[in-house]
Each structure stands twice: as structure tokens, then as C-alpha cells.
Amino acid sequence: MTKIVTTDSAGTRLTRRTLLHTGAALGAGIAMPGILRAQAREIVIGGAASHKPWVEAHVMPAFEKKYNARITFEGTKSLVNLEKMQKNKDKPYLSIVQMDDPVMILAVKEGLLEPITPAKVPNMAKLKPGTVHMNGMWANYLQPWQGIAYNTNVLKTPPTSWAEALDPKFKGRIIVPSLQNTEGLPNLFMFAHLATGKPMTEAYKDIDAAFREIKKLKPNLLTVYSQMPQAFSLLEQGEAHMILGALSSFGMQRRLDGAPVSMAAPKEGIFPVPSGIAVVKGGPNMELALAYINELLGAEVQSKIAPPTFALPTNVDAPVPPGMPTDAKIHTIDWAFVAENRNEWVKRWDREMAS
């Protein structure tokens with residue numbers, strides 16, 4: 001049997017065995033990029049823990065099939081997602097974040113997000129006014145809303161005005177969220193509106209009027225909550241009669257579960273809860289990330305996720321789910337204004353509402 005011996009360009013002797021090993025290595029090298037590309041066709045999303053069930057049920061299967069890709073959804077809190085972006089700023093592993101608007105502002109200030117445009121995300125052109133923020137740094141894909149949750153065993157007719165909570169008959173029966181909670185802020189703005197009579201677009205900046213008016217609520221307060229489940233437990237037991245600024249996503253789910261709870265959209269209006277989505281600057285698989293955002297902003301996906309989240313869609317072509325307030329005034333919040341002043345408001349709240 002003839003032994004094959006040759007040399008490479010550097011004069012190194014190459015035997016048949018060497019060639020076979022080299023060929024195998026080259027073959028692996030050629031094949032590996034394909035394997036790596038398949039493995040790398042993945043996006044990691046940092047979102048809210050409460051969103052994980054509907055993402056996995058209503059978004060992930062169709063997206064993964066359509067784009068031949070894999071989604072990993074890390075469910076946690078918005079501030080935790082912000083911390084992940086901060087720690088991995090030089091080498092991001094998150095492609096997308098789904099966070100509260102106030103936290104999005106912090107991410108923008110630290111240069112952690114990349115703007116999206118209708119050219120890259122066509123469904124942005126179909127969004128309601130006021131749902132794209134800071135020149136495309138993020139957009140809202142859903143609008144759970146805040147109104148008044150009430151015990152239906154105690155109140156046979158829903159509250160028609162936020163001002164009803166000031167009625168002395170509700171002494172010790174009203175619950176409000178703390179200003180430490182994002183959902184606590186709309187109460188401050190609504191009471192500024194009640195105090196001044198100005199349109200919400202003007203009233204929300206009159207914080208002195210807001211505090212003067214909301215302090216009138218103190219005799220009626222049962223508690224100020226930081227944990228939503230405990231507040232709803234008191235409401236369901238009849239200890240509380242109303243929760244001001246309650247979230248539809250929680251209150252309407254409790255109603256569906258059989259609790260004596262319902263949600264009211266008072267005449268002064270309701271507030272959309274900020275559910276934002278954004279691209280992480282320098283994140284992996286940018287094209288795939290933009291495709292995911294486009295799907296989430298589309299009417300087809302929103303029509304699937306709005307009902308189980310008890311939210312209003314942001315795409316104008318998506319139908320409003322049954323049971324949602326269709327004719328209520330919707331007041332958006334200037335989250336940049338909130339970010340500049342929230343710490344001082346929280347200190348003032350703790351000082352004036354606790355005394």
C-alpha cells in the first residue's frame with residue numbers, strides 16, 4: 001500500500017492521517033458557522049414576570065414558527081431589566097426590553113436603547129397618538145387602564161366620579177396605591193384636576209393643588225398599599241369599598257375568578273398603564289428584534305393579547321376587547337415630567353399623607 005506524503009506551502013510534511021485530521025477540522029470549521037447561526041437565531045427579552053404567561057401562550061409559538069427563531073423571555077421587574085442593561089452595556093445579551101415607561105426614560109438617559117422607526121417597524125404607523133415616545137425610543141404595545149375598583153356586594157352601582165371617594169360615607173373604606181408604585185401617580189394628577197377644574201393637560205403640573213385636594217381623602221383612607229394583592233384582598237372581604245387607581249389587568253381578572261369586584265371608568269376619565277417595548281442598543285440579532293417588535297405592535301397579535309390582559313390595544317386596527325371602556329376619556333402621562341419630580345413627590349407624600 002502506498003503511503004501518501006506531501007508538504008504544505010511551508011514545507012511541512014503531511015501524511016494521509018494528517019490530511020484526514022486536517023480535513024475533518026476544516027469540515028467542522030465550515031459546518032460550525034451554520035450551527036452557530038442556527039444557535040444564534042435567538043432573542044432574549046427582558047420583561048415583566050406577569051407578562052410571561054401571555055407571551056409564551058399567544059406570541060412565542062407563532063413568532064418562532066414564522067421566523068424560525070427562538071425566544072427566551074426573562075420575566076422580572078423593570079428596574080431589574082434596567083440593571084441587566086447597565087451591567088452588560090459593553091456586551092448586551094438582551095435584544096428587547098418590555099418595561100414601564102418611567103424606567104424607559106432612565107434607560108434612554110443612560111444610552112441603553114436604540115430608536116425604532118416606521119421604516120424598520122412598519123406597524124408603528126398604525127399606533128394611536130401618544131403611544132410612541134421620545135422620538136421612537138420606545139412604543140406602547142398595550143394599555144391596561146387605571147380606574148376605580150369597587151366591591152359589588154357593597155356598591156350596587158359603579159362609582160361615576162373620582163370625587164365620590166371624598167364622600168364622608170366612605171370613612172375608612174378607601175384604598176390608594178403608594179406613590180412608590182407607578183399606579184399611584186394618576187391619583188395625584190386626578191386630584192389636581194378635581195381641585196382646579198383645569199383640563200388634565202394643564203392640571204397635572206399643579207402639584208400643590210393636587211396635594212391640597214388629596215389630603216382631604218385622609219379621613220376616608222383604610223390604607224395606602226405597596227402590594228396590590230393585599231389591597232384587593234381587603235376589597236373582596238368588604239373591608240374596603242373602593243381602590244382608586246386600580247389596574248384593569250388585576251381587577252378584571254379577580255372579577256373573572258369570581259370575586260365580588262368590578263372596575264369603573266368614571267366620567268373624568270381613566271389612565272393607560274405604560275407598557276413599553278424597546279430595542280436594546282447593540283443587542284444581538286437586531287433584525288429579529290425589530291421583527292418581534294413589529295409583530296407586537298401589529299393588530300393581529302394585539303387582538304390576541306388584549307383580551308387576556310384586560311387591556312386596550314394601541315394599534316388602531318385592533319378591536320377593543322369586550323368589557324373594556326370604549327367611550328372613556330383617556331389621559332396620558334408626561335413621564336419625563338414624572339421622572340424629574342417623582343422623588344420629591346414621594347417625600348412629600350410620606351410627610352403629608354402619613355401625618
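Computed over heavy atoms, backbone and side chain alike; hydrogens, waters and symmetry mates excluded.
A distance-only check finds no donor-acceptor pair linking the side chain of Asn285 to the backbone of Leu288 [under 3.5 Å]. In this structure, the side chain of Asn181 does not engage the main chain of Pro177 through any donor-acceptor pair within 3.5 Å. Remark: the backbone N or O of Pro229 is not paired with any side-chain donor or acceptor of Ser233 at under 3.5 angstrom. With Trp162 contributing its side chain and Gly269 its backbone, the two residues share a donor-acceptor pair below 3.5 Å. Between the side chain of Asn123 and the backbone N or O of Asn294 there is at least one donor-acceptor pair closer than 3.5 Å. Remark: side-chain polar atoms of Thr223 are not paired, donor with acceptor, to backbone N or O of Tyr225 under 3.5 angstrom. The backbone N or O of Thr314 sits less than 3.5 Å from a side-chain atom of Gln302, completing a donor-acceptor pair. Under the 3.5 Å distance criterion, the side-chain polar atoms of Glu183 are left unmatched by any main-chain donor or acceptor of Leu247.
Checked for salt-bridge contact, Lys215 and Glu352 meet the test: a charged N lies under 4.0 Å from a carboxylate O. Using a 4.0 Å cut-off between a side-chain N of Lys or Arg and a carboxylate O of Asp or Glu, Lys52 and Glu74 do not qualify as a salt bridge. Salt bridge status for Asp208 with Arg348: present, with a side-chain N to carboxylate O gap under 4.0 Å.
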Open item on the list: Under the criterion side chain to side chain contact (heavy atoms under 4.5 Å, CB included), I'd like the reasoning laid out for Thr152 against Val261: C-alpha separation, chi angles, the key distance, then a yes or no.
Closed with: CA-CA 6 Å; Thr152 54; Val261 169; 6.0 Å; no
Open item on the list: Evaluate Lys347 against Asp350 for salt bridge (charged side-chain N to carboxylate O under 4.0 Å, His left out), listing each step before the verdict.
Closed with: CA-CA 5 Å; Lys347 292 176 185 176; Asp350 292 342; over 6 Å; no
- [ ] Give the C-alpha distance, both sets of side-chain angles, the deciding distance and a yes or no for side chain to side chain contact (heavy atoms under 4.5 Å, CB included) between Asp100 and Trp335.
- [x] CA-CA 10 Å; Asp100 293 341; Trp335 290 109; over 6 Å; no
Open item on the list: Walk me through whether Met353 and Val224 qualify under side chain to side chain contact (heavy atoms under 4.5 Å, CB included).
Closed with: CA-CA 9 Å; Met353 294 300 286; Val224 176; 5.8 Å; no
- [ ] Please test Arg70 against Glu64 for salt bridge (charged side-chain N to carboxylate O under 4.0 Å, His left out), starting from the C-alpha separation and ending with a verdict.
- [x] CA-CA 5 Å; Arg70 182 167 178 257; Glu64 290 183 336; 5.5 Å; no
Open item on the list: Show, in sequence, the C-alpha distance, side-chain angles and deciding distance for Lys128 and Leu312, and conclude whether the side chain to side chain contact (heavy atoms under 4.5 Å, CB included) test is met.
Closed with: CA-CA 11 Å; Lys128 296 176 185 176; Leu312 299 168; 4.2 Å; yes
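Here the OG1 atom belonging to Thr76 is positioned 11.5 Å from the CE atom belonging to Met99, to the nearest 0.5 angstrom. Separating the OH atom in Tyr150 from the CD atom in Glu164 is a distance of 11.0 Å, to the nearest 0.5 Å. The distance from atom CG of Leu166 to atom NZ of Lys218, rounded to the nearest 0.5 Å, is 13.5 Å. Between atom OG of residue Ser226 and atom CD of residue Gln180 there is a gap of 8.5 Å, rounded to the nearest 0.5 Å. Note that CE of Met252 and CZ of Arg255 are 6.0 Å apart. Values are rounded to the nearest 0.5 Å.
Tracing side-chain contacts under 4.5 Å through hydrophobic residues (I, L, V, M, F, W, Y), one never reaches Leu244 starting from Leu235; they form parts of separate clusters. Both Ile45 and Val121 belong to a common hydrophobic cluster when Ile, Leu, Val, Met, Phe, Trp and Tyr are linked at side-chain heavy-atom distances under 4.5 angstrom. Cluster membership check: Ile105 shares its hydrophobic cluster with Val346, using side-chain heavy-atom separations under 4.5 Å among Ile, Leu, Val, Met, Phe, Trp and Tyr. Linking ILVMFWY side-chain heavy atoms closer than 4.5 Å, directly or via other members, places Ile207 and Ile333 in a single hydrophobic cluster. Two different hydrophobic clusters hold Met324 and Leu127 under the rule that ILVMFWY side chains link at heavy-atom gaps under 4.5 Å.
Here the closest heavy-atom approach between residue Ala165 and residue Ile174 is recorded as O-CG1, 3.9 Å. Taking each heavy atom of Pro102 and Thr182 in turn, the nearest pair found is CG-CG2, 4.2 Å. When all heavy atoms of Ser161 and Lys267 are compared, the pair lying nearest together is CB-CE, 3.9 Å. Looking at every heavy atom in both residues, Ala149 comes nearest to Met263 through CB-SD, 3.7 Å. Thr309 and Ser249 get closest at one heavy-atom pair: O-CB, 3.4 Å. Residues Val132 and Met124 share a closest heavy-atom pair of CG1-CE, 3.8 Å.
Side-chain atoms of Leu155 and Met242, non-hydrogen and from C-beta on, do get closer than 4.5 Å to each other. Contact of the Leu79 side chain with the Val103 side chain is registered, since non-hydrogen atoms from C-beta on lie closer than 4.5 Å. Considering only heavy atoms from C-beta on, Thr160 stays 4.5 Å or farther from Pro266 through its side chain. For the pair Leu217/Phe191, a side-chain contact is recorded, criterion being any heavy-atom separation below 4.5 Å from C-beta on. For the pair Asp101/Asn140, a side-chain contact is recorded, criterion being any heavy-atom separation below 4.5 Å from C-beta on. Side-chain atoms of Leu142 and Ile305, non-hydrogen and from C-beta on, do get closer than 4.5 Å to each other. A heavy-atom distance below 4.5 Å is found between the side chains of Gln86 and Glu110. Between Pro308 and His58 the shortest side-chain heavy-atom distance falls below 4.5 Å.
No option in Ile293, Leu296, Val44 other than Ile293 meets the side-chain contact (heavy atoms from CB on, under 4.5 Å) test with Ile96. Partner Tyr67 forms a side-chain hydrogen bond (donor to acceptor under 3.5 Å, both in side chains) with one of Glu287, Glu295, Arg41 and no other, that one being Glu295.
Side chains of Ser275 and Gln98: a donor-acceptor N/O pair is absent below 3.5 angstrom, by distance only. For Ser248 and Gln146, the side-chain atoms include no donor-acceptor pair closer than 3.5 Å. Between Thr72 and Glu42, the side chains place a donor N or O and an acceptor N or O closer than 3.5 Å (distance only, hydrogens not considered).
His331 and Phe271 have tilted rings, their planes meeting at an angle from 30° to 60° on a 0 to 90° scale. Taking the six-membered ring for Trp and thresholds of 30 and 60 degrees, His51 and Tyr141 have ring planes more than 60 degrees apart, a perpendicular arrangement. In this pair, Phe170 and His241 present their aromatic rings perpendicular. The plane angle is above 60°, beyond the 30 to 60° band. Below 30°, between 30° and 60°, or above 60°: for Phe250 and Phe232 the angle between ring planes is between 30° and 60°, a tilted geometry.
The aromatic ring centroids of Tyr204 and Phe337 lie less than 6.0 Å from each other.
Glu202 CD: more than 12 foreign heavy atoms inside a 6.0 Å radius. Atom CZ of Arg342 is surrounded by more than 12 heavy atoms from other residues, nucleotides or ligands within 6.0 Å. Remark: Asp257 CG is packed, more than 12 non-hydrogen atoms of other residues, nucleotides or ligands lying under 6.0 Å away. In the displayed structure, Glu300 atom CD is contacted under 6.0 Å by at most 12 heavy atoms of other residues, nucleotides or ligands.
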